[in-house]
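Let me begin by presenting the structure, written as structure tokens, before commenting on it.
The basis for the numbers below is simple: all heavy atoms, side chains too, and nothing from hydrogens, waters or symmetry mates. Given the structure is predicted, the values throughout are model-derived calculations rather than measurements.
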Amino acid sequence: CVELEGEAICFAAPSGVGKSTRSRQWVNALGAKIVSGDRPSIRVDGKKVLACRVPWDGKEGIHRNVQLPLKMICAIVRSDTVSARRLTKAQARQFLMQQSFIPMWEASVAVMAMLRKIYERVPVVELRCGPDEASARAAYELIYHHPEKILEETEE
């Protein structure tokens, strides 16, 4: 999870896809700051969705004690070109369930309600991009300056 322009962007993907690499490229190319080098915490506070660090550092030991509005969750897919498409609500729900740490003591109904609030308030997009600084700049341009170019999936 990185901070840029006072907002958080979370990168999510299976292990080995390059979340940390992409985060570093956003830092190098765009001046972003790391919020959490491992699984960030996402919480719903009223109508806002916030990203923050967790109380442990994970394998990277990188985290900052901040809470930021969550602009977007990016499901990273390796690609030589940069493009994005917004996931449907069903796709976003499934992706977030796969990527979330859900404590065993949490009631599944409460978790599902929280996930629904997240994907209804924050875009969850499949971001196709490379691991280099040029891709970071192109992804930034797409997300911050040309969001109309993010493809919209239709509900099935």
Check for a donor-acceptor pair, side chain of [X] on one end and backbone N or O of [Y] on the other, with a separation under 3.5 Å.
X	Y	result
R93	T88	no
S79	V82	no
R43	C52	no
K19	A13	yes
R137	L30	no
D45	K48	no

Please lay out, stage by stage, how I118 and I73 fare under the test side chain to side chain contact (heavy atoms under 4.5 Å, CB included).
-> CA-CA 10 Å; I118 293 169; I73 298 171; 3.9 Å; yes

Non-hydrogen atoms of [X] and [Y] that approach each other most closely:
X	Y	value
V27	A32	CG2-O, 3.3 Å
A29	A136	CB-CB, 4.3 Å
S83	L142	C-CD2, 4.0 Å

4.5 Å side-chain heavy-atom contact, V17 and R78 = yes

Worked check of side chain to side chain contact (heavy atoms under 4.5 Å, CB included) between C129 and R22 | CA-CA 9 Å; C129 60; R22 278 152 183 85; 3.4 Å; yes

Sequence neighbours excluded, which residues qualify as salt bridge (Lys or Arg N to Asp or Glu O under 4.0 Å) partners of E120?
->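 With sequence neighbours excluded, E120 shows a salt bridge (Lys or Arg N to Asp or Glu O under 4.0 Å) to no residue whatsoever.
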
Partner set under salt bridge (Lys or Arg N to Asp or Glu O under 4.0 Å) for R85, not counting sequence neighbours =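 Checked R85 against salt bridge (Lys or Arg N to Asp or Glu O under 4.0 Å); matches are E126, E153.
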
Calculate, to the nearest 0.5 Å, the distance between atoms [atom1] and [atom2] belonging to [X] and [Y] respectively.
X	Y	atom1	atom2	result
S20	I34	OG	CD1	7.5 Å
E133	Q25	CD	CD	5.0 Å
K89	L87	NZ	CG	13.0 Å

Mind checking side-chain contact (heavy atoms from CB on, under 4.5 Å) for A8 and listing every partner two or more places apart, or none if nothing turns up?
->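 So A8 forms a side-chain contact (heavy atoms from CB on, under 4.5 Å) with C1, A51, L68, L70.
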
All side-chain contact (heavy atoms from CB on, under 4.5 Å) counterparts of M72, not counting sequence neighbours |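 For M72 the side-chain contact (heavy atoms from CB on, under 4.5 Å) partners, ignoring immediate neighbours, are I9, C74, P123, V125, I143, I150.
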
Co-membership, hydrophobic cluster, residues V44 and L96, 4.5 Å side-chain | yes

Working for side chain to side chain contact (heavy atoms under 4.5 Å, CB included), residues Q94 and Y119 = CA-CA 10 Å; Q94 180 178 0; Y119 65 74; over 6 Å; no

Just grab all the side-chain hydrogen bond (donor to acceptor under 3.5 Å, both in side chains) pairs involving residues 26-35, residues at least two apart or on different chains.
-> none

For K117 and K47, what are the C-alpha separation, side-chain angles and deciding distance, and is it a side chain to side chain contact (heavy atoms under 4.5 Å, CB included)?
-> CA-CA 9 Å; K117 289 177 184 177; K47 296 216 180 257; over 6 Å; no

Please name all residues satisfying ring-ring contact (aromatic ring centres under 6.0 Å, His included) with H145, sequence neighbours left out, ordered by chain then number.
->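 Counting only residues at least two positions away or on another chain, H145 forms a ring-ring contact (aromatic ring centres under 6.0 Å, His included) with Y140.
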
